[in-house]
Amino acid sequence: MHFIYKKLKYDFQSIESKWEAYWKKNKTFQVFNDSKKPKYYVLDMFPYPSGAGLHVGHPLGYIASDIVARYKRHCGYNVLHPQGFDSFGLPAEQYAIQTGQHPAKTTKQNIQRYKEQLNRLGFSFDWSREVQTSSPDYYQWTQWIFLLLFEHYYDLKENKAKPIESLIRQFNTNGNQTIHAVCDEDTPLFSNQQWQSFSWKKQQQILLKYRLTYLSDTDVNWCPDLGTVLANDEVIDGVSERGGYPVFRKKMSQWSMRITAYAKRLLEDLDLIDWPDPVKEMQRNWIGQSQGVKIEFQLLNHKESIKVYTTRPDTIFGATFMTLAPELDIVKQITTAEYKQTVETYIEQSSQKRILDRLVNAKKISGTFTGSYVLHPLTNEKLPIWISDYVLAEYGTGAVMGVPAGDQRDHAFATHFELPIVAIFEGIDSSKEAFTQKEGFTYKNSGLLNGLSFKEGYARIIKHLVSDGIGKQETNYKIKDAVFARQRYWGEPIPIYHKEGIPVPINPKYLPLILPSVEKYLPTPQGAPPLGNANQWAWDTEQNRVVENHMIDLKKVFPLELNTMPGWAGSSWYFNRYTDANNSKEFASQKALAYWKEVDLYIGGVEHATGHLLYSRFWQKFLADLGLVPFQEYAKKLINQGMILGSSAFVYRQKDSQIYVSKNLLDPNKTYHPIRVEVDLVSSSDALNIEKLKEWQPQFKEGRFILEGGKYIVGREVEKMSKSKFNVVNPDQICVEYGADTLRMYEMFLGPIDQAKPWNTAGISGVHNFLKRFIRLFSQDGNWIVTERPASSLELKVLHQTIKKVTNDIERYSFNTCVSSFMIACNKLIELDCHSKDILKPLTILLSPFAPHLAEEMWEKLGNQQSIAYEPYPIHSEAYLKELTKAYPISFNGKKRFTKTIELNLSKDEIERLILSDNRLEKYLNGKSIKKIIVVPNKIVNIVI
RNA sequence: GCUCGGGUGGUGGAAUUGGUAGACACGUUGGACUUAAAAUCCAAUGACUAUUGCAGUCGUGCGGGUUCAAGUCCCGCCCCGAGUACCA
């Protein structure tokens with residue numbers, strides 16, 4: 001069949017701007033909370049509105065979620081598909097420091113630009129529910145949740161958060177000795193009389209040890225270059241995630257969130273949610289549960305004892321020394337006069353080490369003897385006490401028993417300092433290295449464990465230690481309480497004032513506590529956070545409002561907290577706010593929360609696995625404990641979209657010259673400097689536009705370019721897309737050249753949604769051509785030729801198969817194969833010369849989630865008045881497809897799968913029916929007869945003609 | 001080191017439960033249409049052998065195994081990516 005097609009105009013520019021305006025004007029995607037339809041909540045991780053605007057990688061997740069949202073609308077759901085901005089953050093603040101421009105102003109401009117870009121791509125967001133974390137309407141509720149956390153503690157009996165008043169009541173009646181609650185390690189025990197005798201200040205200090213958000217002297221990650229502390233997940237390889245500056249450990253008075261109280265539930269409830277395994281695994285590792293035993297070692301010549309935590313109590317007979325973390329307070333008490341000097345020097349040195357040094361020098365063994373000894377609890381032997389920074393103060397008890405035979409680090413330490421090594425595994429040589437496996441040995445030199453296997457010995461020793469009162473079984477977690485304060489300006493103010501050194505909450509009635517204006521966004525000369533520059537930053541407890549600093553009298557006017565909340569505060573609960581985003585009375589009404597329930601599909605980057613995705617689960621659990629939200633887990637299903645990488649372009653400059661050599665002419669014996677050049681200056685065949693290059697940067701003006709085949713070919717390298725690498729592809733430009741629909745489909749077509757992949761503009765023409773061909777189904781020579789004639793069975797088959805395939809693929813989030821299916825369908829229908837309305841109508845609905853602008857245009861041209869967005873989704877007839885597959889029934893005997901060759905003599909009619917039954921047979925049409933057919937149950941495998 | 005992913009044409013990637021591997025697209029080559037180019041359309045395109053044609057051999061990182069049948073399942077390696085890192 002030969003058709004000659006004239007060029008058909010696909011005027012995507014006017015189509016797309018027309019429908020963008022239409023959706024906005026008609027509020028097509030606004031949803032309400034009182035629908036009778038079933039609900040579906042599809043959420044994107046909201047963006048930080050950076051000054052650079054969107055690049056081509058950002059919308060990937062939004063396109064996927066928009067396809068699902070539109071698909072679910074067609075399926076008859078009331079779809080909540082909101083968007084907002086995580087608009088507090090460092091870049092706006094740094095810009096403010098440089099230019100003096102208020103972060104609120106730049107943030108507003110950036111948001112404006114982001115919205116324009118997002119709308120251009122045709123996302124069906126309900127903007128009436130937009131949230132901005134930096135808006136007081138929003139952050140008053142972030143502050144409100146902060147205060148709730150402050151006013152609650154974690155009860156281990158009921159396994160939930162409870163009001164602090166209930167704790168105070170118990171203190172008043174019984175003291176704290178019978179209380180089973182999460183608190184700081186150093187909380188003293190007291191009776192009810194003692195509690196009542198305490199001063200207000202003392203009582204408050206004790207309560208801080210229980211509150212779920214609290215102020216304490218903790219070791220923090222201090223980054224002097226950023227002038228702020230960082231959370232653990234913001235420190236990567238010992239340097240700051242942002243900027244890569246060195247980070248130090250430092251003791252500071254800091255706000256923290258008692259996320260450790262929820263460690264167990266955060267771990268266990270991972271089983272309830274359908275999240276990608278890597279994310280779950282990362283959270284599991286981050287929480288880091290381990291089962292072990294805390295064992296008490298009596299100090300020689302001291303009343304006190306030291307507890308160690310170990311997961312291998314069975315190796316206790318191999319313990320030949322004890323090592324403490326240098327930071328522990330007890331170190332100073334036990335150090336003998338003789339060793340005082342060396343110990344103090346060592347402590348000093350290790351505290352000044354950068355985190356990076358500690359990591360890099362991990363294998364470099366250091367430590368020093370304290371002069372003291374502990375007694376082995378089972379053998380009564382004298383074990384020397386050492387300190388070393390391989391022991392971490394914040395894990396376990398900060399003390400380990402040194403078992404060189406069973407632990408590699410202990411072995412290295414013992415070898416380095418010539419401490420004894422006791423072999424405890426029968427038949428295993430412990431002198432060279434430790435044996436860390438948990439099978440394949442029996443014990444020796446191990447008292448009551450001798451001759452037992454690991455399994456027997458492990459159980460035996462625990463039983464013994466516990467019954468003798470020496471040890472206690474314990475579950476330990478790696479996860480640490482999250483530092484919840486930044487020394488920055490552009491964040492939520494913490495609604496706390498300070499009285500006698502005690503933090504006191506502001507009554508939530510008087511929220512929001514509005515961020516004050518300052519003249520300088522830098523820390524004060526005294527080193528206080530930027531809020532220290534504010535003139536109006538004191539709390540009047542009688543008028544309950546912010547007043548000027550000079551009114552502070554420490555009687556009724558007190559200084560306000562100067563720290564602000566970290567970046568993850570606002571994002572830890574925003575998904576709840578969308579259900580009722582304009583509510584000024586509550587963070588969200590119970591009715592709205594009950595209607596929308598949890599997020600059905602959440603799409604965002606995997607980089608938030610141990611940050612936002614963990615903190616938000618924690619807050620959700622806390623809010624659920626208080627009965628404020630109806631679900632323990634807020635997102636049923638999570639998908640991580642992979643990053644779209646840039647393809648950087650390089651020119652090669654010969655060393656010490658102005659000669660640039662084309663990629664394939666490089667001489668392996670010479671040295672070249674690869675220099676990144678702007679990818680816009682390079683054609684899709686990697687040829688460089690030298691004229692434009694010379695205009696772009698003056699350093700190339702004098703360059704001599706050695707060409708191959710008349711062209712300069714650049715080198716390529718796949719890297720993260722970033723402005724500094726000159727490899728950013730701007731979606732606006734793609735929209736101008738190909739249109740938003742093409743961009744949407746192409747991003748989906750690139751590959752599986754969760755995979756990282758390099759951007760390649762060259763391939764986009766394939767998808768663009770598909771859309772042009774799609775229009776061709778409706779027209780010929782520019783004329784509309786949709787017909788009313790009923791569809792043929794072959795056409796119907798194409799349609800039903802496509803519906804089935806596309807629907808299945810959307811349901812399993814395989815969007816790339818969807819796009820392929822559309823192309824196949826389109827090609828087949830063109831070949832069949834199909835212009836039937838019966839086929840094109842459902843096909844247009846099917847395409848609408850992917851290419852919404854074009855679908856709307858075609859839908860209107862088909863004579864429909866309403867937007868296509870709420871058209872019922874076409875249903876494929878399983879019966880019809882089955883009917884077709886059964887067109888030529890083949891039966892078998894036996895259960896086992898087998899291959900069988902059948903000799904056939906089929907008539908033309910039979911062949912046609914056979915062809916209907918199986919796609920692959922189409923090419924055998926036109927009179928050829930089928931001789932043999934190889935079959936397995938329910939499937940034709942091979943045909944011999 | 002440990003944990004989790006993943007290795008399929010020149011390229012991006014298909015292949016729901018084991019059932020004609022390489023769909024779909026890019027790129028490349030040839031052709032049609034054009035004064036020409038672009039655009040569009042048609043054809044070929046895993047490798048090798050053979051050719052007038054039919055066809056044959058090898059092919060999913062490597063080596064084994066299970067099966068009538070393996071990209072897919074099992075065992076042992078190699079390589080790449082991500083996360084994590086003195087966690088006792």
Which residues share a side-chain hydrogen bond (donor to acceptor under 3.5 Å, both in side chains) with A:N808, sequence neighbours left out: none

Qualifying residues under side-chain hydrogen bond (donor to acceptor under 3.5 Å, both in side chains), relative to A:Q13, sequence neighbours excluded: none

Pairs touching residues 802-824 of chain A that satisfy ring-ring contact (aromatic ring centres under 6.0 Å, His included), sequence neighbours left out: A:F822-A:F850

C1' spacing across the pair B:A23 / B:C74, given as an integer number of angstrom: 29 Å

Residues that A:D809 engages under side-chain hydrogen bond (donor to acceptor under 3.5 Å, both in side chains), provided they are two or more places apart: A:K805, A:R812, A:T817

B:C41 phosphate, OP1 or OP2, under 4.0 Å from A:R776 side-chain N/O: yes

Interface polar pairs with nucleotides 1-3 of chain B, N/O, under 3.5 angstrom:
from, atom 1, to, atom 2, distance (Å)
B:U3, O2', A:E281, OE2, 3.3

Whole-Å P distance, B:C54 and B:G61: 31 Å

Ring geometry between A:Y738 and A:H768 (parallel below 30°, tilted from 30 to 60°, perpendicular above 60°): perpendicular

Pairs where residues 743-757 of chain A contributes a residue and the test side chain to side chain donor-acceptor pair (under 3.5 Å) is met, not counting sequence neighbours: A:D66-A:R744

Run the side-chain donor-acceptor check on residues 393-408 of chain A: report pairs under 3.5 Å with partners two or more places apart or on a different chain.
from, atom 1, to, atom 2, distance (Å)
A:Y395, OH, A:S290, OG, 3.0
A:T397, OG1, A:K307, O, 2.7
A:T397, OG1, A:A399, N, 3.4
A:T397, OG1, A:A399, O, 3.4
A:D407, OD1, A:R409, N, 2.9
A:D407, OD1, A:R409, NE, 3.3
A:D407, OD1, A:R409, NH2, 3.4
A:D407, OD1, A:D410, N, 3.1
A:D407, OD2, A:R409, NH2, 2.6
A:Q408, OE1, A:A434, N, 3.3

Interatomic distance at C1', B:A37 relative to B:C58, whole Å: 43 Å

Distance-only side-chain donor-acceptor flag, A:Y346 / A:S366, under 3.5 Å: yes

Each stem that RNA chain B is part of, given as range with range (3 or more consecutive Watson-Crick or G-U pairs, under 3.5 Å): B:1-7 with B:78-84, B:10-12 with B:24-26, B:27-32 with B:40-45, B:46-49 with B:55-58, B:61-65 with B:73-77

Sequence-aligned protein contact record of nucleotides 23-30 of chain B, with B where the base is within under 4.0 Å of a protein heavy atom and S where only the sugar-phosphate is: BBSS----

Non-neighbouring partners of A:T807 that pass side-chain hydrogen bond (donor to acceptor under 3.5 Å, both in side chains), sequence neighbours left out: A:Y873

Phosphate-side-chain proximity, A:Q755 and B:G13, N/O vs OP1/OP2 below 4.0 Å: yes

Minimum-distance nucleotide to A:R812 side chain [options: B:U16, B:G13, B:A88]: B:U16

Residues that A:E281 engages under salt bridge (Lys or Arg N to Asp or Glu O under 4.0 Å), provided they are two or more places apart: A:R284

Pairing residues for A:D314 by the salt bridge (Lys or Arg N to Asp or Glu O under 4.0 Å) criterion, not counting sequence neighbours: A:R312

Rounded distance in Å between the P positions of B:U67 and B:G53: 43 Å

In B:G65, glycosidic geometry as syn within 90° of 0 or anti otherwise: anti

Phosphate-side-chain proximity, A:Y395 and B:A88, N/O vs OP1/OP2 below 4.0 Å: yes

